[in-house]
Amino acid sequence: MQEIPIHFNHEEIEAQISEQWEKSRVFHAEIDKNKQPFSIVIPPPNVTGTLHLGHILDNVIQDAYLRWHRMRGFSAVWIPGTDHAGISTQNVVKKFLYKQGINPETLSREALLNKIWEFALNHKNIITTQLKKLGFSCDWERERFTLDEGLSLAVRTAFVRLFNKGLIYKGSRIVSWCSRCGTAFADEDLIHEKNSGLLWYIKYPFVDEQENIQDDGVVIATTRPETMLGDVAVAINPEDERYKTLKYTKCFLPLANRVIPIIKDNFVALDFGTGAVKITPAHDFTDYEVGKRHNLPIISIINKDGKIIEPAPAKYIGLDIMTARNVIVDDLVQQKFLVKIENYVNNITKCERCHNVIEPLISEQWFLKMRDLALRAKLTVEAKKIKIIPDSERNDFFHWVDNIRDWCISRQLVWGHQIPVYTCEKCDNLMAEIDTPQACSKCGHTKLRQETDVLDTWFSSALWPFSTLGWSKKTPELDFWFPTTTLFSGRDILFFWCTRMMVMALEFTDNIPFKTLVLHGLIRDEQGRKLSKSLGNYQDPLILFKEFGVDAVRATVISKYPLGRQDCKISNNDYKEGRALVTKLWNSCRFILTNLTAETKLVDFDKFKSSDNAIDKWIIAKLKQCVINHDNYLQAYNISQAFVELSAFFRGDFCDWFIEIIKPRLHSKNLVDKQQALMTAVYVMVQILKMFSLYIPYVTEKLWQLLQQTMDVKHEQFLLNTNWIEVDVPSANDICSAMLLNMNLVTKVREMRHLFGIEYKTKLNISIYSARDNLKKYQELEFVLNNTANAFITESLTSPKKQLAGYIPIALDVGFAYIKLDEGIVDIIEISKMLTKKIADNEKALLTCNKTLSNENYLQKAPANIVQEVKEKQKNLLANNATLRSYISIMEGNIIG
RNA sequence: GGGCGACUAGCUCAGUUGGCUAGAGCAUCGGCCUUACAAGCCGAGGGUCAAAGGUUCGAGCCCUUUGUCGCCCACCA
């Protein structure tokens with residue numbers, strides 16, 4: 001048989017297995033109506049950059065569920081793809097062009113688009129290659145891109161239908177504008193940050209009926225003095241005592257030299273500032289609403305470049321916002337309108353993409369009416385037709401629905417889906433058309449102008465679960481795999497993406513986009529910071545793969561999977577754990593492989609599930625328990641626990657106990673016993689490989705192949721295509737409890753070896769005193785003690801030893817074990833210390849028992865079986881301590897004597 | 001300001017419907033190159049379950065209040 005190295009070459013194996021998978025198209029899914037459908041769409045990575053740990057987190061869990069369902073006999077598909085990521089990509093490419101000495105502003109729309117396409121396709125390839133390298137079992141033949149032909153058609157179709165339904169409209173509204181990106185944004189695209197700024201108190205003098213400016217005036221407080229140039233009113237609360245007797249209805253706006261009304265509105269807080277608020281409808285969302293309520297004019301004084309414009313006084317025109325602010329404050333001071341300045345912490349709104357401060361301003365944009373659409377999604381989630389995990393996220397979702405505003409869907413970019421609305425140059429007729437119209441539908445004029453704005457990236461993303469399956473056409477895929485089974489997504493894009501998919505799917509398919517939505521947190525560094533290039537805590541996954549291997553990184557990420565928690569912290573040390581696990585798996589399998597000989601190469605190892613050897617039965621029973629627990633955890637989307645459960649079974653029960661215990665049988669002359677031991681090991685190993693293959697597909701696939709080769713089995717199928725584990729064996733509770741007793745005894749014997757410096761190779765003879773049925777358990781599984789502690793039971797007692805000469809006593813839960821010593825190595829003081837400590841431990845437990853049992857209420861109200869258990873425990877502890885005390889007095893006698 | 005979540009060993013986290021002396025991994029300390037694995041094995045130490053109160057025979061778990069941290073939302077300029 002071939003030599004198998006201790007440490008495997010992960011890069012080599014990854015490449016080799018990856019190639020095999022790709023060649024044989026194993027990830028490709030065909031519709032199989034005899035099976036239940038299972039479908040996932042990938043959250044499409046942005047073509048802006050390359051994959052990062054967040055993507056790995058996202059996709060590792062998807063791959064696990066896909067592989068799990070595939071093995072469980074579902075017709076499972078995973079649709080991969082990428083997102084054009086409008087603003088991000090355009091920004092990145094622009095920066096890139098600047099670096100190359102090209103000014104993107106000088107390029108034509110077409111030329112810029114070509115540059116972006118080139119960049120995007122390049123990154124799309126990189127991402128695809130990375131996803132493949134990670135072993136994700138996506139159906140690459142169904143790969144999609146949000147700007148590909150089919151998806152573009154879907155976008156146009158969706159737009160036109162919404163437009164024709166009157167849900168999309170164009171309007172001049174106040175929008176969040178980023179002057180650096182040069183486009184409007186939706187509410188969800190913004191971030192809010194705490195900002196230490198100043199609060200300026202400015203006096204607006206009163207104006208009487210005859211338009212005379214008075215000496216006194218109303219003092220307003222503002223964080224943005226420059227916007228006063230666009231003020232159209234001052235608002236006060238009608239309930240405010242301070243202004244109840246106010247006789248003036250107008251005031252003078254300094255610097256702008258206008259007279260503006262004083263209005264009354266309940267929105268003004270009574271306990272903030274002076275109780276008077278300046279109203280700037282053109283540059284503040286609240287003020288915009290107030291302006292609408294009171295029919296106030298809108299005066300825009302800031303343009304899209306963030307510069308002051310007319311009708312502001314000439315002096316300020318052309319200044320940028322911060323400069324204007326300084327000049328205006330100076331002028332206010334000079335003209336004695338500035339009352340005071342306070343330090344103030346407020347929230348500042350920034351562009352999520354470029355972190356520039358957002359300027360609310362009036363602009364013509366396209367909007368989607370969201371209220372009714374969102375309401376339908378709300379009812380669907382309320383009716384639990386879509387399950388959201390964790391449950392607490394439902395509240396966030398409902399909050400989003402309840403506070404929904406119309407969605408600004410137009411972006412002033414070139415990269416994206418150009419809005420399919422055409423204006424007749426002759427009669428100004430607006431037409432939304434899926435295909436470019438040849439003539440005006442009203443007047444027949446042939447000169448038409450398409451909108452230059454593109455749609456918000458999330459508009460196409462919102463269609464993703466069904467557009468990728470062929471919508472707007474009626475396809476068999478849509479029929480079979482839609483709605484998708486589960487969507488796995490980061491919690492951070494719940495509002496951007498998940499909610500909008502619900503809205504769009506319900507509108508266009510009359511169906512939910514996914515049955516279950518699973519949200520997870522983010523990966524952070526060991527200090528809990530977000531991973532970012534600027535912080536320098538960002539690990540390039542490629543470097544991690546090179547150092548630790550894909551499987552190790554996947555194992556680490558999955559074991560930390562932050563479901564139902566905040567975020568998870570991962571440090572470099574954690575990857576070592578992942579790698580250690582993979583290596584352990586490799587070596588345990590290597591051990592089995594090297595033990596397979598001609599007479600143990602049996603094809604039908606399945607039948608060795610029914611070996612009647614006790615330890616074989618035990619490991620099979622533990623395997624069964626592991627599979628059940630593992631599957632239950634997965635079913636509950638508690639994926640890290642599923643993985644931890646499996647790892648614990650593998651490392652503990654299988655490696656540390658089972659393999660160690662069967663070693664002598666592998667050299668046994670009894671061929672049947674040898675075969676049984678090995679085949680049980682192979683059988684359990686294969687099931688372990690199957691379970692691990694959900695998470696660490698490469699090493700498991702490779703080991704599966706090695707096992708098959710070594711056993712001369714030609715299954716010609718991949719591990720990922722095998723069936724999931726059947727757990728049809730009896731539970732074997734007796735053996736499990738007997739093993740538990742023996743394992744505890746082994747640990748105690750080992751501890752005594754440490755304590756008294758007895759080498760492992762020194763064979764130990766043990767006397768055991770315990771209850772009769774326990775004694776049997778020790779006797780029947782004595783080989784456990786033999787093989788893992790090099791100890792042998794030479795005596796079974798029905799009562800504790802009276803004298804300790806030549807023995808080390810071990811207190812068991814019920815009874816005692818005694819290690820027989822050779823003369824001269826008894827350390828009485830050590831033993832005495834040990835016994836004293838044990839007595840103290842027991843006393844502690846006894847105290848609890850006594851307290852509980854002396855409580856009359858407890859005896860009356862607690863369930864009988866629990867009371868009985870405590871009584872039993874108390875009895876054992878008392879007996880145990882009585883014996884221990886007698887030993888102590890013997891010891892003391894010996895010491896004194 | 002509102003909502004949600006977290007707080008358990010030095011660190012990262014488990015802990016099902018309340019019921020054995022509260023667990024795991026890492027880290028620490030100690031012992032082993034024992035024939036799969038030193039990227040390993042064996043063993044030990046380490047916790048007033050954030051605080052206080054309440055319900056209960058019994059609370060890490062349920063209720064109330066407080067504190068700290070995190071996230072989301074928000075029209076106090």
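Computation of the quantities below employed the complete heavy-atom set of this structure, encompassing side-chain atoms and omitting hydrogens, waters and symmetry-equivalent molecules. Order of the sequence lines fixes the chain letters, A, B, ..., with proteins taken first and strands second; residue numbering starts at 1 for each chain.
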For [Y], is there an ion pair with [X] - N to carboxylate O distance below 4.0 angstrom?
X	Y	value
A/K546	A/E11	yes
A/R651	A/D656	no
A/E226	A/R224	yes
A/E547	A/K576	no

Using the [atom1] atom in both, what is the distance from [N] to [M], to the nearest Å?
N	M	atom1	value
B/G18	B/C57	C1'	12 Å
B/A44	B/G53	C1'	39 Å
B/U8	B/G70	P	15 Å
B/C26	B/C7	P	22 Å
B/U16	B/G23	C1'	14 Å

Find out whether the Lys NZ or Arg CZ of [X] is both under 6.0 angstrom from the six-membered ring centre of [Y] and within 45° of the ring's axis.
X	Y	result
A/K340	A/Y201	yes
A/R491	A/W400	no
A/K663	A/F591	yes

Could you state the [atom1]-[atom2] distance from [X] to [N], rounded to the nearest angstrom?
X	N	atom1	atom2	result
A/D813	B/C20	CG	C1'	10 Å
A/L585	B/A36	CG	C1'	12 Å
A/N787	B/U35	CG	P	15 Å

Open item on the list: Can you pull out the residues from residues 222-232 of chain A that lie within a 4.0 Å heavy-atom distance of RNA chain B?
Closed with: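 Heavy-atom cutoff 4.0 Å gives A/T222, A/T223.
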
Task: Nucleotide forming a Watson-Crick or wobble pair with B/A14, both distances under 3.5 Å - done: none

Task: Watson-Crick or G-U counterpart of B/C29, or none if no pair lies under 3.5 Å - done: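 Paired with B/G43.
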
Task: First encountered from the 5' end of RNA chain B, between A/L859 and A/K844 - done: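 With A/K844 and A/L859 compared, the 5'-side residue is A/K844.
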
Open item on the list: From the set B/A14, B/A74, B/C75, return the single nucleotide nearest to any side-chain atom of A/T286.
Closed with: B/C75

Task: Closest listed nucleotide, where the reference is the side chain of A/F495 and the choices are B/C73, B/C76, B/C57 - done: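 So the side chain of A/F495 is nearest to B/C73.
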
Open item on the list: Treating primed atoms plus P, OP1 and OP2 as sugar-phosphate and everything else as base, which nucleotides of nucleotides 37-49 of chain B get B, S or - for protein heavy atoms under 4.0 Å?
Closed with: B-BSSBSSS----

TODO: Describe the nucleic acid contact of A/V268 in one word from base, sugar-phosphate, nothing, applying a heavy-atom distance below 4.0 Å.
DONE: base

